[in-house]
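Have a look at the structure below before the remarks.
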Amino acid sequence: MDFGGVAGPLIGLVLLCIGFALASEYFLSVRNALNILDQVTVLGILAIGMTMVIVIGGIDLSVGSVLALSMMMMGWLAKTAGLPLPVAMILGVATGAACGLVSGLLVTLARLPPFIATLAVMSVTRGLANILTDGRQIVGYPDWFTNLATIRHLGFFSVTVTVFVVLMVIAGVFLRYRATGRNLFAIGGNPEVARLAGIDVRRYTILTYVAAGALAGVAAVTMAARLNSSQPSAGLGIELDTIAAVVIGGASLAGGVGSVAGTLIGVLIIGVLRNGLNLVGVSPFFQMVVIGSVIALAVAFDTLGRHRK
Amino acid sequence: MDFGGVAGPLIGLVLLCIGFALASEYFLSVRNALNILDQVTVLGILAIGMTMVIVIGGIDLSVGSVLALSMMMMGWLAKTAGLPLPVAMILGVATGAACGLVSGLLVTLARLPPFIATLAVMSVTRGLANILTDGRQIVGYPDWFTNLATIRHLGFFSVTVTVFVVLMVIAGVFLRYRATGRNLFAIGGNPEVARLAGIDVRRYTILTYVAAGALAGVAAVTMAARLNSSQPSAGLGIELDTIAAVVIGGASLAGGVGSVAGTLIGVLIIGVLRNGLNLVGVSPFFQMVVIGSVIALAVAFDTLGRHRK
Amino acid sequence: QEAKTIGLAVANLQADFFNQIKQSVEKEAQAKGIEVITVDAGGDSATQVSQIQDLITRDVDAIIYIPAGATAASVPVQAAKAANIPVVAVDRNPPDAPADTFIATDSVAAAEELGNFVCKTTGGKGRLAEIQGQIGTTPQIDRDEGFAKAMANCPGIEEVAKQASNQWAQDEGFNIAQAMIQRDPEITIFWGQADALALGAAQAAKVGNLTDVVVVGFDGDVAGLEAVQSGTLTATMTQQTQLMGRLALDSAIKLASGESVPAMQLQPATLTTKENVEPFLTEHP
Amino acid sequence: MPAEALAASPAAQTAREGLSIRGVSKAYGPITVLDGIDLDIRPGECLAFLGENGAGKSTLSSIIAGVVPPSGGTMRWNGGAYAPRSPAEALSAGIGLIHQEMRLLPELSIAENVFVGRMPMRGGRVDRAEMNRRAEVQLRRLGLSVPATTRVGTLKVAAQQQVEIAKALTLDARLIIFDEPTAALGGEETDRLFEQIHRLKAEGVSSVYISHRLEEIARIADRIAVLRDGRLVAVHDTADVPVRRLVEEMVGRSVDRLFPELAAPQAREVLAVSNLTSAQGAFRDISFSVRAGEILGIAGIVGAGRTELVRAIAGADPLSGGEIRLDGKPLRLTRPRDALDAGIVLVPEDRKAQGLLLEQTIEENVAVGNFDLMDKSGWVWPGRTRELAKKAIASMGVKGRPEQLAGRLSGGNQQKVVIAKWLARSPKLFIMDEPTRGVDVGARAQIYEAIVALAKAGMAVVVVSSDLEEVIGLSHRVMVLSRGQNRGILDRGEATHVAIMERATT
Ligand SMILES: Nc1ncnc2c1ncn2[C@@H]1O[C@H](COP(=O)(O)OP(=O)(O)OP(=O)(O)O)[C@@H](O)[C@H]1O
Ligand SMILES: Nc1ncnc2c1ncn2[C@@H]1O[C@H](COP(=O)(O)OP(=O)(O)OP(=O)(O)O)[C@@H](O)[C@H]1O
Ligand SMILES: [Mg+2]
Ligand SMILES: [Mg+2]
């Protein structure tokens, strides 16, 4: 495999793991590794969509709120409207996709800067997520549903983690080995060049936001299973974590650069940091200081390294 | 005056005011207008700094956290370290400037994308703000201090609102009429062109972040006077409001475009929206939906209008 | 003078506890034909000051104030008083400028009762892991204090882990508890300072295959009560949110029409276990 | 400075005045770009840098102007040591550069662009009136009369280049470097520029002039410095060196003739355009046809509507009327993809903004838009992509490796990548807009050869160019546009300078 783009963050991740392994005897174990995977599932699924959005030169601030709306929609459809849960799950994902469609249309047709388009969608969807149940959470999903997140089959992966891994692989292959995926990089590099090269920039842009929305919907189902409830406050502020993960993974906010492998490393860096700091028992305030510093260090390391080349 | 750049948002603001005046009998009064000014003081001061940062093509996610740290630092210096309050106020502003310096150095020397640099600073400063008093607020400022925010001299402006207005004017003149201010537009338009024209891009970039930090410090003092306390959770999420205000005011996140007059209008649009919706008695969740929609509309209106030209 | 319009300034509607009070106030008001104007500060005190200002402009007859931020800010109360509008503080009361009346749960006593219950059910033995709320906030401090009082009389329980959360959120509780279990798989008691935190801990215990753990929470919100019923949580302290909401509205009406109400109206919380959870689920107190 | 004083003792002044460069080198990592350059630039002279793409002309200019630091060597300026650490220092020493990549600030006005970084002040404020006045004066001298308050983003390429030149001419510098200032200009504008350079000479200001157009250099330069592969090959007085020799020196071999023999076109009509009218008003009622194996040149002065016309045929711009037939079938073009699928490709006029992904590799650039050639089902095979890139590089003789970033290539090589990319599609109609802008003689010959080879292979070719030499030498027929209208199509025999210019200026 080509480590070109991800060598920097990978080294960072390894250093981090070594540090925590030395600082806490509990860090280095299969079980903790599985815990970390568990804990990053939602962030990771969101980060897949964010990677694509960032590759085309956009940004999506709405992922957290869209997650909340999808989650509430699923819960509401299952509990209040009385649909079978699997149907509600699918409609939850569809809700996310619909939100993505709105963002995509705002960016392409209304020509809003992605930052503003998704900021608006963020506010609206958070409002809707709350309106649905007047701010109440929805609880009491069947056991089979929560088991998706909690039972580790064959002692390893839960269904949600498996979904996360599979989505990562699909997205990785898509961005690297499908013409459509490669076209996203061209769009991010220079939309006019891409258009002249015969790429339907608008369509791809819209579809990318739709995909990011749908993935937020999948993340919502995952989180509902993990928490055994739907909460209108879910995913508050997670957009910044998601963007940080993608950028730590080597993507450029200017567009045209990024990879799913890098994003996975970025997600793991954040996941390992949180988990490790909890294991070491660092207070939440000090955690913020450490996390901020590590993010700066990881990206500085990467950009300075790239610049020296 | 040249309304070129701000005509779009200005029309939006006027429409909004007309709408609220029709919907609520309480909206159109001198007192409510002064209330609105009061309410947007902190946002407005932050937005001045953000305008400059966005003009040079950057972004500052840390303003809310830097505000919190400056506020806590001021309180801590006055209450725990026992410094005279005026000295503590100055050191609070200096704290903000120091945080800005860190962001500036991360952006220029470590070559971090501004988004990531200020995201890191955001996390670190929020942590520090909490660590200072272990998350507790600081209360009990002298009366003269809170009077700065509450007493309306000659029936009109409180000291804090006056400071806000004066800062706006200074920044407006600076950006329009001073060569240094114009240079910021050159940097945002294309840093390489600016450098070739003999502009010290690094120095200006650092100074811009320092100014934004210092303004966050001023906003912190203002907010402390308004709240009569220092709170480590202050300014949570305000960075997005601030950015939205600046962009609604016609600035481009790509850099090189923006004006203080536009920003003022953006700030007022957000302030009037919040105030008006409260007066009309719109439920909180529905407010989120309305605010998101208005932001999207305001900017779409502006960009579509500009594009047609 | 008859009260017609009441302003309700909520700290943060994203927290179920506040949302329940809000719903109770609104329900009661509707029954009484009173208009309620609700504003939500989203946890930010500066926003809340602006909102109270708006409520004053709106000329409400009384304000129900659920303070946002770590501890209650006094400015809103002072501003309302300056405008001759009575204030009912709920959950937290500004120490330097108390409201006309204060309605809250006696958190210290409630947490102590919960601690005593834990001591009793575990036979006074066990390894305790504590997940605190947001450090520095009044409920966190009070719940810490009350529970610690109980533990002082229960030497057999050893505190093996204590970690704070940032947002009182379930996901946080999950992750923190998972780390705690990783460090010490022998934990037998989880004390989450809110039901969400406790639910997260319970989920972590389930994933970590910990059997026979006692998990207790606080608040008695719907999810918490259902969890108590299903056995996921051993106990919680149910705060009487519906009662507090009704009481707040009644007090506001009385104050607006010039009647006096006691300055402190502390409500007990009910220790809720599988035995007595049933009625709470059908009708929340 | 009075001219008499200069003439008084030229020898003494060469020592004290002007720029002397000694042993200047530049390396990027392991790659040496400049190698021990020794050169003097005398006061009041115009010295030309001549060399192939990538020879190091821009790099040397950048070092002189403080844009990049040299890896070795020293410079002296007017008798003192000179080692600028930034463009600011060079400017304050009196040395200015207009950059090859004109990069202006599209959101700012013309005047603000001209005076960026050094706006005139009065009473603590930027003196806008004065700034606008001075910018307008300078622009008028260059033959551009638009208000100085116009937003630069609304200007066409040529006008932007003039703004860039105005920027340099208002510098009050003692040495000005013009790095390919005329790449986007027509004859008229070039003449105006030369007037200005002559004025500078008379004032004792030195200038460095870089261009790939040898006839321009012959007209303006006093001396010519020839660079090859980062080394200074020779310095000549312009008067006594034949063009042939210069070309040999810069290319390292002799280029016998620039334009290859044309073969007779086939009878089959590939493209037939009738009554084409732009939706944006840039051209109207244009009809012409191109046969298989034929090269049609499109000439015209700047702003004649040539670019818009070919962009519309390539589906990039909307039409409001008329018809395009390819191989007899009418086309409905709503986007570039339609044209590509029909077999029409366009090499756009501005390769940086429209042709290349600068931050991506050559390989990626060649692949984008061509994935369907490699696998119909949409899979991307790294091996095939690599192969395609290698083929493209070989087909045009690009100096670069597939994994190199396109933005790091010299201008000529970038142009070759864009052409090579579309060559791979074997289109029916190949349109090139200013295909040799900023391309050196050697490479130009290669590109011409490639164009002629395309025609010989049976493609129809349309070449838009502001270089009359080029349209005349390369085309079977030349269509002349003026103010958006077709002023006639000239056969190879009739297409002379005079005939074209007559039609272009009506
Ligand atoms: N930043 C850089 N990193 C690596 N190589 C570079 C860089 N800048 C330029 N080069 C290389 O230096 C060489 C000289 O480039 P330069 O731009 O000076 O050529 P030039 O003579 O101006 O060519 P042209 O006529 O095409 O403008 C080229 O091979 C180019 O690829
Ligand atoms: N989008 C547009 N809307 C309106 N007019 C336009 C537009 N684009 C170009 N024009 C006008 O159309 C005319 C033709 O421009 P075009 O770029 O096609 O000229 P050209 O002959 O290719 O010259 P150049 O050498 O500058 O490329 C110009 O006068 C220009 O101002
Ligand atoms: Mg060059
Ligand atoms: Mg053209």
Inset, instruction - Check each atom of B:Val40 against the heavy atoms of chain C and say whether the ones under 4.5 Å are side chain, backbone, both or neither. - result: neither

Legend entry - Ionic contact status for C:Asp219 with C:Arg143, cut-off 4.0 Å: yes

Inset, instruction - Under 4.5 Å heavy-atom distance to chain B, tell me which part of C:Asp44 shows up: side chain, backbone, both or neither. - result: side chain

Legend entry - Electrostatic pair C:Lys32:C:Asp250 at N-O distance under 4.0 angstrom: yes

Inset, instruction - Compute both the distance and the angle, then confirm whether C:Lys22 meets the cation-pi test with C:Phe17: under 6.0 Å from the six-membered ring centre, within 45 degrees of the axis. - result: no

Inset, instruction - Counting only heavy atoms closer than 4.5 Å, note whether B:Asp38 contacts chain C via side chain, backbone, both or neither. - result: side chain

Inset, instruction - With a 4.5 Å cut-off on heavy-atom pairs, point out which of C:Asp40, C:Val10, C:Ile37, C:Val49 contacts chain B the most. - result: C:Val49

Legend entry - Distance-only donor-acceptor check, side chains C:Asp221 and C:Gln239, under 3.5 Å: no

Inset, instruction - Heavy-atom pairs under 4.5 Å with chain B are the metric here; pick the option from C:Val75, C:Ile56, C:Asn166 that has the most. - result: C:Val75

Legend entry - Part of B:Arg226 within contact of chain C (heavy atom distance under 4.5 Å): both

Legend entry - Max heavy-atom pair count under 4.5 Å with chain C, selected residue of B:Asn228, B:Ile36, B:Val42, B:Asn35: B:Asn35

Inset, instruction - Return the minimal non-hydrogen interatomic distance between B:Met50 and B:Asp60, and the atom names on each side. - result: CE-O, 2.9 Å

Legend entry - Closest heavy-atom pair and its distance - B:Pro232, B:Ala129: CB-O, 3.8 Å

Legend entry - B:Phe27 portion near chain C, given a 4.5 angstrom heavy-atom threshold: neither

Inset, instruction - Would you mind checking which part of C:Glu26 comes under 4.5 Å of any heavy atom in chain B, side chain (CB onward), backbone (N, CA, C, O), both or neither? - result: neither

Inset, instruction - Taking all heavy atoms of C:Ile141 and all of C:Gly136, pick out the closest pair and write down the distance. - result: CD1-O, 3.8 Å

